[in-house]
Amino acid sequence: MSTELPPLRSPQDLERVLEFEFVRATENAALQAIHWLGRGEKELADAAACSAIYGVFDILDIRGEVVIGEGIKDEAPGIFVGEHLGTWKEGSPRFNIALDPIDGTSNIAKGMPNSIAVIAAAEIPEGAPPAMKSIPSFYSHKMAYGPEVKKALAAAGNPCLLDMPMGKVIDFVAEALGKHSRDVVVVTMDRPRHAQIIQEIREAGAALRMIMDGDIAAAVAPSMPDPSVDLYVGMGGSPEGVLAAAALKCLGGDMQMRMWFHTEEHRAEVAQECSAEDMTHVFHADDLILGESALFCVTGISDSPLLPGAKLTGHHIETHSLLMRSRSGTVRRIHATHNLDRKVVPIREVKA
C-alpha cells in the first residue's frame, strides 16, 4: 500500500479557502455604498464600492485578472477589463474575475430597491486560456430560467427561446414548471426598448414584474431554490449577462444570450472586433463561463429579488450575502452584523 500523502491543496481546496475573501469584498462594497442610498450621487456611490473592493484584493495573495469589468457604458468610476487584482505574488493562484461593484447605481442614487454588489471568479490552471467570455456589445438580448426549464429545453432539442413569440415562451415555461401560463412570473426592466416584450407578456396573461435597473439579480432569481420569479427577459448589459451566467452555472439554471445593438454605429464597431457568427450566436451559461470552476458572490445594498439590502441601525450594519460554488453546487446564505465602531474596511482611494 502506498504511504505517499496527497497534495496539501488541490485547485478545489484553493477555491474553498479563498471563496470567503471574495464575499468579504462584496460585503465591504455594500458597507461603503449604503451611505449613498438616495443621495442622488451614483458616481460617488460607485467610487466608494470600487475603493472597498480594491482594498480587499490589495491584501489578497492571488493573481486576479479582470475579464469582465464595469463602467463601460457610461464612463463611470469602475474596475476595468485587464486590471490586475491581488498581490500577484509568484506561485499564488490565478483567477479570472468578473465584477460589478454596484449593479443598479441609478437605484442607489434614487433610494430604490434592486442594487447589489457582485463578483464572479474562476480559477485558471497555469497557461490555460481565459475562463470567461467577454461579449463586446454594450447590450445583449437575454432570457434566464431555472433548472426545470433547462431540462425541458434539452428534451425538446434546445430550441431558441429568443426567436419565439413571448406567448409561446411563456407556455413552454408553464408546461416545464407544471403551472398555468397566467401563474408564470416574468421580470423585465422598464425600458422603452421593451415595449413589445411587455405587450406580449400581458397579452399572454402572465404575471409581469418590472424593475428600474439591476438585471443581474433578476436573471439569477429564477434559478434560486423556491423562486418567486420564473423567467427573466430583456435587452440588458452584456457584462451583467456574463456575471449572471456564473451564478446560473452554480445553480444549475441557464440563459440564452445574443448580442443586441442599440445603434447601427455600435453594430459597425462590434463587427470590427468579432466574427459575423459571434454577432448572431446564442450563448448559454457554459459558453460564457468555461470549465468547471466558478464562484459567485453577491451582497445586497438595497432590497432585490435575490436577497435583502443592507440595514443601518445605530452603529451597526446588517448585510445579507449569497456565496455559490459550481463544483459543489453549494449555495450559502450569509447574514452578518458589522460593528462600525470596530470594523476596519481596507480602502484604496478611487476618484469619482
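Note that these values count all heavy atoms, side chains included, but never hydrogens, waters or copies made by symmetry.
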To check you understand the geometry: which heavy-atom pair defines the closest contact between [X] and [Y], and what is its length?
| X | Y | answer |
| --- | --- | --- |
| Ser321 | Glu27 | OG-CG, 3.6 Å |
| Cys250 | Ala294 | SG-O, 3.7 Å |
| Met324 | Leu322 | CE-CD1, 4.1 Å |
| Pro136 | Glu273 | CB-OE1, 3.5 Å |
| Val186 | Ala206 | CG2-CB, 4.3 Å |
| Gly214 | Met189 | N-SD, 4.4 Å |

So, the side chain of [X] versus the backbone of [Y]: is there a donor-acceptor pair under 3.5 Å, distance only?
| X | Y | result |
| --- | --- | --- |
| Arg63 | Ser92 | yes |
| Asp303 | Gly309 | yes |
| Ser238 | Ser137 | yes |
| Asp230 | Val185 | yes |
| Thr313 | His316 | no |
| Asn114 | Ser304 | no |
| Arg267 | Thr263 | no |
| Thr26 | Val23 | yes |
| Arg191 | Asp213 | no |
| Ser326 | Lys249 | no |

For atom [atom1] of [X], is the number of surrounding heavy atoms from other residues, nucleotides or ligands below 6.0 Å larger than 12?
| X | atom1 | value |
| --- | --- | --- |
| His315 | NE2 | no |
| Lys168 | NZ | no |
| Lys179 | NZ | yes |
| Arg193 | CZ | yes |
| Glu175 | CD | no |

Roughly how far, to the nearest 0.5 Å, is the [atom2] atom of [Y] from the [atom1] atom of [X]?
| X | Y | atom1 | atom2 | value |
| --- | --- | --- | --- | --- |
| Arg182 | His180 | CZ | NE2 | 4.0 Å |
| Asp254 | Met143 | CG | CE | 13.0 Å |
| Met279 | Phe261 | CE | CZ | 3.5 Å |
| Glu19 | Glu123 | CD | CD | 12.0 Å |

State, without any angle test, whether His338 and Thr319 hold a side-chain donor-acceptor pair at a distance under 3.5 Å. yes
Without hydrogens or angle criteria, can the side chains of Thr188 and His194 be said to hold a donor-acceptor pair below 3.5 Å? yes
Could you see if [X] belongs to whatever hydrophobic cluster contains [Y]? Use Ile, Leu, Val, Met, Phe, Trp, Tyr and a side-chain cutoff under 4.5 Å.
| X | Y | answer |
| --- | --- | --- |
| Leu243 | Ile211 | no |
| Leu60 | Trp88 | no |
| Val242 | Tyr232 | no |
| Ile34 | Ile102 | yes |
| Leu162 | Val169 | yes |

Check the orientation of Phe138 and His266. Use parallel for under 30°, tilted for 30 to 60°, and perpendicular for over 60°. parallel
Between His320 and His335, how do the two ring planes meet: parallel, tilted or perpendicular, split at 30° and 60°? parallel
Please confirm whether Arg332 makes a cation-pi placement over Phe20, using NZ or CZ under 6.0 Å from the six-membered ring centre and within 45° of the ring normal. no
Check step by step if side chain to side chain contact (heavy atoms under 4.5 Å, CB included) holds for Leu153 and Gln256. CA-CA 11 Å; Leu153 283 167; Gln256 296 184 11; 4.1 Å; yes
Walk me through it: do Lys133 and Asp287 pass the test side chain to side chain contact (heavy atoms under 4.5 Å, CB included)? CA-CA 7 Å; Lys133 184 173 180 63; Asp287 301 318; 5.7 Å; no
For this output row, return yes or no: ring centroids of Phe172 and Tyr145 closer than 6.0 angstrom. no
Among Ile53, Ile97, Val56, which one satisfies side-chain contact (heavy atoms from CB on, under 4.5 Å) with Phe22? Ile97
Taking it one step at a time, do Lys343 and Leu31 satisfy side chain to side chain contact (heavy atoms under 4.5 Å, CB included)? CA-CA 10 Å; Lys343 178 85 174 181; Leu31 292 177; 3.7 Å; yes
Name every donor-acceptor pair, under 3.5 Å, that has one atom in a side chain of residues 80-87 and the other anywhere in the protein, sequence neighbours excluded.
residue : atom : partner : partner atom : Å
Glu83   : OE1  : Tyr54   : OH           : 2.6
Glu83   : OE2  : Tyr54   : OH           : 3.0
Glu83   : OE2  : Phe80   : N            : 2.8
Thr87   : OG1  : Asp61   : OD1          : 2.8
Thr87   : OG1  : Lys89   : N            : 3.4

